[in-house]
Amino acid sequence: MQLFDWIVLIVTLLFIVIYGAWKTKGSKNVEDYILGGNETPWYTVGLSVMATQASAITFLSTPGQAYHDGMGFVQFYFGLPIAMIIISLTFIPIYHKFKVYTAYEYLEKRFDLKTRSLAALLFLFQRGLGTGLTIYAPAIILSALFGWNLTFMNIIIGVLVIIYTFSGGTKAVNVTQKQQMFVIMSGMFITFFLILHFLPNDMTFSNALHIAGANDKMNIVNFSTDPEEKYTFWSGITGGFFLALAYFGTDQSQVGRYLSGKSVRESQMGLIMNGLLKVPMQFFILLTGVMVFVFFQFNPVPLNFNPNNKITVEKTKYKDEYHGLENQLNELSEDKKVINLLYIDQLNQDYDNPILRKELIAISTKEKDLRERAKEIILKANKNSETNDKDYVFFHFILHYLPKGLIGLLLAVILSAAMSSTASGLNALASTTAIDIYKRNVSEEKTEKHYLNATKFFTLFWGIVAILFACIATLFENLIQLVNIIGSIFYGTVLGVFLVGFYIKYIKAKAIFYSAIISQITIFIIYYFAIYIHPSGHEKLGYLWLNFIGAMQTIILSLVLQWTLFRKQNN
């Protein structure tokens, strides 16, 4: 990185932190700190909701996901717009009617304290893990690429977020997320158009899409009914729908964003804005990853995008074998470039040459084979190495091909996204701990200032917990999948509790409490045996289905228990 990149990066991040702390200092009470004084306009609600979900993991993993697997991941978001409509029509009016600080406060009004506490604890556990990951994701990549100390990076990112979140609460989160979304989307648009500019001169955007399609990267919709397929139209419209309904409707990190709206209508408009823009935004980020793939059809590409893996191999007896594969890849890259240029020339003459398409597919297959052989060597060199390099693809492009200044901007994009999601997570964790756990279980009356200070303390506490978790976390197959898997394990059960509360008045507290416990235990068992340790090495169930199963199971079990064991019992 050049000096100019450092200036862009540091100035951008310091501006966000200082502006957020200065603009929102001096909360007078808990309502002001948690709900932002109910002064947030609809467009800020919408941007804040989008920024909360668009973590650094989105911009690290999604382009790499598209590079390796194509556009199919967009199906994950197909159920989101429908979920936004349902939340706007049902969830928001109910939350505002009961004047709740957190989503779980409603559950005590509808059921009892046990149910509220159970839902709050499930949230605290999974969001605590998720918030740690939003810090860890950019830290692990930056440390690998620049040689920076991982623990130091985790602490720096965490402390920056704690400063303004501790100072201003929800208002600080909302204010800073507007700047963060501007930085994020500006950086992504500039990068996308630069990729197109870097492609060969006679190559049109249509040609680029043809090359991506020939390499099986443009399969946007998959109507397969195979439950082993992770991303299909059906898993997106059902499992993805239930995940979005749970995340935006019951996760305090999102509920807190729209509870701060000026009115029910302002909150609803903010969520509808998210529903309209979220799928196109994710489509665009995936398309950027596909364009990175097209770019590398004409430029040298490493055997493995994680630079640490090559460093590891270089220190072992396997380095010559690895160099041999690198030489084969370089030769293959030259052939790939020639064939792609010929293919473009044919396309410019309005002829999609099937023979050249077959040659492109054959070269792609050979390249995948070389990469798999390289992974085997990396594991022989160090069995603990993380061979999956999806999270490093986009950063490799940024560092090696973007002009100076833009590298700093893209790093600011990644860190801004990390700070955005982490701030929302900390704010939600602190609010839930203070209101649903601490305040509800303190017997003696305390002042507003006491609870305000308690909420600030819990912000600091969860910030430290998130940093500690980030310091001990390990890479998974793909960071964006890990975050969604953690959510899918817990969200279904919690969503089932809320859906019963909203729509099935017949079911009482004991039935829903015990059905939620049984359902959550069952989801753990299903995940362990069908997804985590399946003997074949392949998942027998796409993780998105856990959201659907958890919600339906909770609802059905609560009906059965209410009709049988608790038929004559009242709250």
Side-chain angles (χ1 to χ4, degrees), residues 54-74 76 136-146 184 187-188 190-192 194-196 198-199 208 211-212 215-218 230-231 282-311 325-326 329-330 332-333 336 340 363-364 367-372 374-375 378 385-402 406-407 409-411 413-415 417-418 475-484:
S55 68
I57 297 168
T58 301
F59 301 98
L60 285 170
S61 290
T62 306
Q65 178 91 10
Y67 180 94
H68 283 284
D69 302 324
M71 296 290 294
F73 183 67
V74 76
F76 172 85
Y136 172 74
I140 184 68
I141 307 299
L142 292 172
S143 65
L145 294 174
F146 296 117
I184 287 166
M188 292 304 296
I190 291 170
T191 304
F192 181 81
L194 274 175
I195 295 170
L196 298 182
F198 291 156
L199 295 175
I211 289 175
N215 287 277
D216 207 27
K217 305 298 181 187
M218 294 304 295
K230 283 182 185 174
Y231 305 113
Q282 292 299 138
F283 184 92
F284 171 71
I285 296 169
L286 284 165
L287 189 60
T288 300
V290 168
M291 289 301 108
V292 170
F293 171 84
V294 174
F295 172 84
F296 280 122
Q297 303 307 295
F298 305 94
N299 294 277
V301 63
L303 259 181
N304 193 279
F305 283 96
N306 184 345
N308 278 355
N309 287 334
K310 182 173 181 178
I311 293 170
L325 291 180
E326 285 184 319
L329 181 61
N330 290 335
L332 195 64
S333 294
K336 181 171 63 175
N340 273 293
I363 287 176
S364 179
E367 185 174 325
K368 286 178 182 177
D369 180 59
L370 289 174
R371 291 186 183 284
E372 290 303 316
K375 288 179 181 180
I378 292 166
S385 294
E386 175 51 56
T387 58
N388 194 298
D389 59 351
K390 290 180 182 179
D391 298 320
Y392 294 84
V393 172
F394 193 45
F395 252 136
H396 179 86
F397 170 78
I398 290 170
L399 291 179
H400 291 85
Y401 294 99
L402 287 187
L406 277 177
I407 295 176
L409 177 62
L410 263 293
L411 290 179
V413 166
I414 303 301
L415 292 174
L475 268 178
F476 200 69
E477 178 186 355
N478 181 249
L479 287 170
I480 196 164
Q481 286 189 17
L482 178 55
V483 168
N484 290 324

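Computation of the quantities below employed the complete heavy-atom set of this structure, encompassing side-chain atoms and omitting hydrogens, waters and symmetry-equivalent molecules.
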Legend entry - Whether K217 side chain and Y67 backbone form a donor-acceptor pair below 3.5 Å: yes
Inset, instruction - State whether R371 and E367 are salt-bridged, where the test is any N-O pair (Lys NZ or Arg NE/NH1/NH2 against Asp/Glu carboxylate O) under 4.0 Å. - result: yes
Legend entry - Of all pairs that satisfy salt bridge (Lys or Arg N to Asp or Glu O under 4.0 Å), the ones with a partner from residues 284-311, not counting sequence neighbours: K310-E326
Inset, instruction - Could you tell me whether a side-chain N or O of N304 sits under 3.5 Å from a main-chain N or O of N306, the two making a donor and an acceptor? - result: yes
Inset, instruction - Quick one: pull up CZ in F395 and CG in L402 and give me the separation to the nearest 0.5 Å. - result: 11.0 Å
Inset, instruction - For K375 and L370, indicate whether the former's side chain and the latter's backbone hold a donor-acceptor pair under 3.5 Å. - result: no
Inset, instruction - Applying side-chain hydrogen bond (donor to acceptor under 3.5 Å, both in side chains), name anything that partners N340, two or more places apart in sequence or on another chain. - result: none
Kindly list each side-chain donor-acceptor pair under 3.5 angstrom involving residues 286-302, sequence neighbours excluded, with atom names and distances?
unit_1, atom_1, unit_2, atom_2, d
T288, OG1, F284, O, 2.9
Q297, NE2, F293, O, 3.0
N299, ND2, F295, O, 2.8

Inset, instruction - With rounding to the nearest 0.5 Å, note down the distance linking OH in Y392 to CG in N308. - result: 6.5 Å
Legend entry - By salt bridge (Lys or Arg N to Asp or Glu O under 4.0 Å) - contacts of D216 (at least two apart): none
Inset, instruction - Mind checking the CG-CG spacing from D369 to L325? Nearest 0.5 Å is all I need. - result: 9.0 Å
Legend entry - Separation between CD1 of I398 and OG1 of T191, rounded to the nearest 0.5 Å: 6.0 Å
Inset, instruction - Drop me the distance from F73's CZ to H68's NE2, to the nearest 0.5 angstrom. - result: 14.5 Å
Legend entry - Non-neighbouring partners of I190 that pass side-chain contact (heavy atoms from CB on, under 4.5 Å), sequence neighbours left out: L194, L406, L409
Inset, instruction - Answer yes or no: is there an ion pair linking K390 with D69, defined by an N-O contact shorter than 4.0 Å? - result: yes
Inset, instruction - Assess whether side-chain contact (heavy atoms from CB on, under 4.5 Å) is satisfied between H396 and D389, documenting all intermediate values. - result: CA-CA 10 Å; H396 179 86; D389 59 351; over 6 Å; no
